[in-house]
Every structure is written in structure tokens, then in C-alpha cells.
Amino acid sequence: MTTSAPEAAAPAPAHRFPPLLVIVVLGFGSLAGALMQSLVIPIQSEMPELLHTDAGNASWAITATLLAAAVTMPVTGRLADMVGKKRVLVASAAVLVVGSLVAALSSSVVPFLTGRALQGVAMGYIPVAISFVREVAPPARRAGAVAAISATLGVGGALGLPLAAWIAQDYSWHGLFWLSSALALVVLVLTVVVVPGIHDEHPAHLDLLGIAGLAVGLSAVLVAVSKGSEWGWSAGRTLAMLVGGVVVLLGWAWYQLRHEDPIVDLRTTARRPILFTNLAAVLIGFGMMAQSIVVPQLLEMPEATGYGLGQSILEAGLWMAPAGLMMLLFAPVSSGLINHVGARVTLSVGAVVLAVGYVVALFLMSAPWQLMVASLVASAGVGIGYAAMPTLVLDNAPESEAGSSVGVNTLMRSVGTTVAGAVMAAVLTSDTQALGAGLPTVPTEHAFQVCFVVGAVAALAGALVALLVPRRGSEVPATTPSTAEPAPAPAGALPQG
């Protein structure tokens, strides 16, 4: 197994369609996949009745998608490196069609969760699209193209909230999944027709045992983290899954280091540029998800609390929608920063802006428009930071591992969002007040303020970690005894600050 420096980029092939159209299709497909994250959030409280089950089973409607996406992203990235990126993009889009149709036709919990899990699997489209765009975009547009597609991870989640709330409120909850079926079908057709087939295969053996180990270990840890508040952090099953998952992942890592064709090359991910980028991804993912969880709850809190803003689910989603667009608008800003000051500094700047958004929210939380302003600032930081991450990864990973490296980075963002969900839930449920006799308890204003402080601290920690990413040329790439001399950096590679 060789872990050389990034290989020289191959000459750009001739395409049937203009590169800009290919990039738009990849961005649209990524956006459609990211929409699956927030599709059921507006109807989550109604899921037990809709699926004729209890609240515990219904809560898996979000968790199933999260787990499937987390496990799939590095696996699809590796498959894309092995068999070609277009094939995996087409397969992911086809899975999204099937998953959406299964969910749309379901009226009970098992088939519905199956559909939701398949929708999570389809999110493997996103890291493959990010790595693919570097091969089709003209050199002058590569940074901007990567930035725009990477930002769809946040944009899809933000835009999905008001869209899902509107459809569920005015039509049927099944309509959410008929819409996602239609979007998925469009993505599938466009990917087949517009995205070019290029010779980017790096044949290798598929590490099935590695996939199984990753799936078991990662799922156990993420389930423990996401369900900890519901089950109890000291509960036997929480601790068993957490400890068991960590043990499995340690065994998996030992096995991967000794495998000729690992599903994730841990030597590559251990390189300082990629390692610190992934650590920053966890912290910035935490920061993004924290405001996505806390701000809607504060908007929807009853006015009787004295600090709640009394918005409906649809109104709250509409107040949050501009934040999603802000992420997309700041992708070109990130591209410009990457070209001028480097990706590491850009990533750090994005994390600082995200932290500033939380500080704004801490002092401006008495009106919907004030929280919208805070969300706009925070989302601008997310847009800048999310766009810089894949650039750092792609500039420091071998071409034969581009897809899997971006997949791991995307997984790290998902880990951050999962941990954020658990931490925010713990904070909001640990400091509550009663609205009146016989009425449920709700989080206090202080609990929301603590959440904003925690989000700001996580984002600032992400900014500091990003600065630990070494400048280009300051680190000798990791090698093995059989490794040849490091290959030259890719043609047209972007500088890192």
C-alpha cells in the first residue's frame, strides 16, 4: 500500500456539456441529497400517530438517515476511487429515488425507516460530487466550484425546513416524499446525461470486512450519542453501545492499518493537514448544527415564557431560510479567500465568523428578525468554512484516495452535528421551567443562552485547530517503507495559507 503525496492531475478531458452545466448538476444533486437531513423535522412530533407506533420508534426517522449517511460517505468515496465517480453518482441518485418512493408509499414504521435509511445512503452523492468537480472544472473555477457544492450540506438542511413545513401543513406528509422522489428522478436523469464519464478508476479489492467494522463501530457510537439524552447517559445500553462501538472502531483501525486495500487509508488521514482539517470539521459541524437546533426552538417557544417568540413551524422555517441562502452566497467569498490567503486561513476565518454569529444571538434574541440576523452571520461563517475544508483535503490526499478522503471529512462534519444534537438536548433539558399547572416544562432563557455560548466556544476552537494545519511544504508526507519518492503536487493546486 502506498501513501504518496498527491499525484499529478490528469489533463482535463473533453466533455459533451460545458463544465459550468456539469457543476450545476453536481450542485443540484448534492442539494437534493442534503434536503433529506431536515425533511421530517417539521412533522417529527406527529410521526408516532402517522406511523402508528410509539415515540421511541418514530424518533429513528431522523437517526436512521443520519447513521446511514455517516457510514456511507467514506464507503462511497472509496468506491468512487475504485470504479469511477460517475458510476457511484448514478448509483447514489438511483438509491435516492428508491428510498424516497419507499417512504412515500409507507404508512407503518418499518418500511418508512427503510426508506429513510436509503435516503441517508444516497447522501454519499455529496462527497463524490465534491471530489469529482475538481476533475471537470477549469483551474480558475475549481475553488469556487468546490466551495459551492460543499456549501450545499448546510444549504439543503436550512431550505428543507420551510419547504417541508409548508408541504406538511398545507398538503399531506406523504407529499414530502413524493417531492423528494421527483427531485431524485431529475437528479438521476441529469447525472446520467450531463455528468461526463472519465477514466478515473483506481482498481483495488473491496474491503468488505472493513466496511462491516466501520458500520458496526460507527453506528454504535453515533446511536449512543444521539440517544443518550433519551435513554440516559448512565443507562446500561448507552454505555454498552458507546464502549462497544469504540472497541470495535479501535479493532477496525488496527485491521485497516494492516490491509493492502483499506476502505479508509488511516495513514493518509493521519497526515497533519488532513487530520487537523477533520478535527476542525467536527467542531465547525458542531457549531453549524447548534444554531440549527436552538434558533428554531427559540422562535417556536410560546410567548407566555416571556422570551419565546411564538412562531409557527412554517414561520420559524421561513425566518431560517435566508441563512441557507447565505451559505451559498458566501461560497464565492470563500473561493476568493482561498486564492488570496490560503485554505487554512479561510477555514479559520469562517469559524470565527460562525462564533460571532453566536455572540450576536446572545445579545439579540428578543425578536424573530434579530435571530435571523444572527443566523445570517453564523451561516456566512459556515459557508466560508465548509467550502475551505474539501480544498484542504483534496490538496493533501493522493488522487487515488480523493473520494474516500472527502468522504471521511464529510463524516467528521456529521459527527460534529450528532454531538451538537446531544449536547444541545442535554443543556435544554437540564434547565427548565413550568408554564403552569398541568403544562409541560420548557427550557429557560438561560438554557438557550448557554447553548449560544457553547456554540461560540466550539467554533472558536475550530478556528484554532484550523491554524494548526501546516502550510504547504512545511510537512514531509507520511510514507511507508515501500513508498516511492513523493510525487509532485497537482497541477493547478491551490495555495494554502
Side-chain angles (χ1 to χ4, degrees), residues 32-76 92 94-126 153 156-157 160-161 164 168 173-174 176-181 183-184 211-212 214-231 237-238 241-242 244-245 285 289 292-293 407 410-411 413-422 425:
L35 279 171
M36 301 308 111
Q37 298 176 96
S38 56
L39 202 61
V40 299
I41 291 178
I43 59 171
Q44 187 176 7
S45 62
E46 303 172 29
M47 293 307 297
E49 179 182 354
L50 297 174
L51 296 176
H52 313 292
T53 188
D54 58 46
N57 288 334
S59 67
W60 287 93
I62 293 177
T63 308
T65 307
L66 165 73
L67 293 178
V71 173
T72 299
M73 285 178 177
V75 173
T76 54
S92 296
V95 170
L96 184 57
V97 173
V98 174
S100 299
L101 287 173
V102 169
L105 294 169
S106 299
S107 57
S108 59
V109 66
V110 173
F112 180 76
L113 294 182
T114 301
R116 288 292 291 161
L118 289 172
Q119 287 183 320
V121 169
M123 288 184 66
Y125 189 104
I126 300 172
L153 269 172
L161 284 173
W173 71 273
H174 285 100
L176 297 173
F177 299 98
W178 288 119
L179 173 63
S180 65
S181 300
L183 286 175
I211 293 175
L214 178 64
V216 172
L218 195 58
S219 296
V221 171
L222 292 179
V223 167
V225 171
S226 60
K227 295 290 185 180
S229 295
E230 178 185 332
W231 293 347
R237 56 178 170 174
T238 303
M241 296 198 77
L242 187 59
M289 192 63 178
S292 299
I293 293 171
T410 310
L411 166 63
R413 303 190 214 183
S414 297
V415 170
T417 60
T418 304
V419 174

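The first residue of the sequence shown is numbered 1, and numbering continues consecutively from there.
- Figure legend: cation-pi geometry between Arg116 and Trp60 absent, as NZ or CZ is not positioned both under 6.0 Å from the six-membered ring centre and within 45° of its axis.
- In plain terms, the two heavy atoms of Gly99 and Gln119 that are nearest each other are C-CG, 4.1 Å.
- Shortest non-hydrogen contact noted between Thr238 and Ala224 is O-CB, 3.6 Å.
- Rounded to the nearest 0.5 angstrom, Met73 CE and Ser92 OG are separated by 10.0 Å.
- Aromatic pair Phe112/Trp173: ring centres closer than 6.0 Å.
- In this structure, the side chain of Thr72 does not engage the main chain of Ala69 through any donor-acceptor pair within 3.5 Å.
- When every heavy atom of Ala117 is checked against every heavy atom of Ala68, the shortest pair comes out as O-CB, 3.2 Å.
- Shortest non-hydrogen contact noted between Ser219 and Val71 is OG-CG2, 3.8 Å.
- Taken from CG in Leu214 to CG in Leu411, the straight-line distance is 7.0 Å, to the nearest 0.5 Å.
- The main-chain N or O of Val97 is never found under 3.5 Å from a side-chain atom of Ser100 such that the two would form a donor-acceptor pair.
- Residues Leu101 and Ser181 are in side-chain contact: their nearest non-hydrogen atoms beyond the backbone lie under 4.5 Å apart.
- Note that CG of Leu96 and CG of Leu183 are 8.5 Å apart. Values are rounded to the nearest 0.5 Å.
- Between Val102 and Pro111, the closest heavy-atom pair is CG1-O, 3.2 Å.
- Here the CG atom belonging to Leu35 is positioned 11.0 Å from the CG atom belonging to Leu176, to the nearest 0.5 angstrom.
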List the steps, then state whether side-chain contact (heavy atoms from CB on, under 4.5 Å) holds for Phe177 with Leu105. CA-CA 9 Å; Phe177 299 98; Leu105 294 169; over 6 Å; no
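- Note that CG of Leu118 and CE of Met36 are 12.5 Å apart. Values are rounded to the nearest 0.5 Å.
- Atom OG of Ser107 is separated from atom NE2 of His174 by 6.0 Å, given to the nearest 0.5 angstrom.
- Considering every non-hydrogen atom in both Met123 and Gly33, the closest pair reads CG-O, 3.4 Å.
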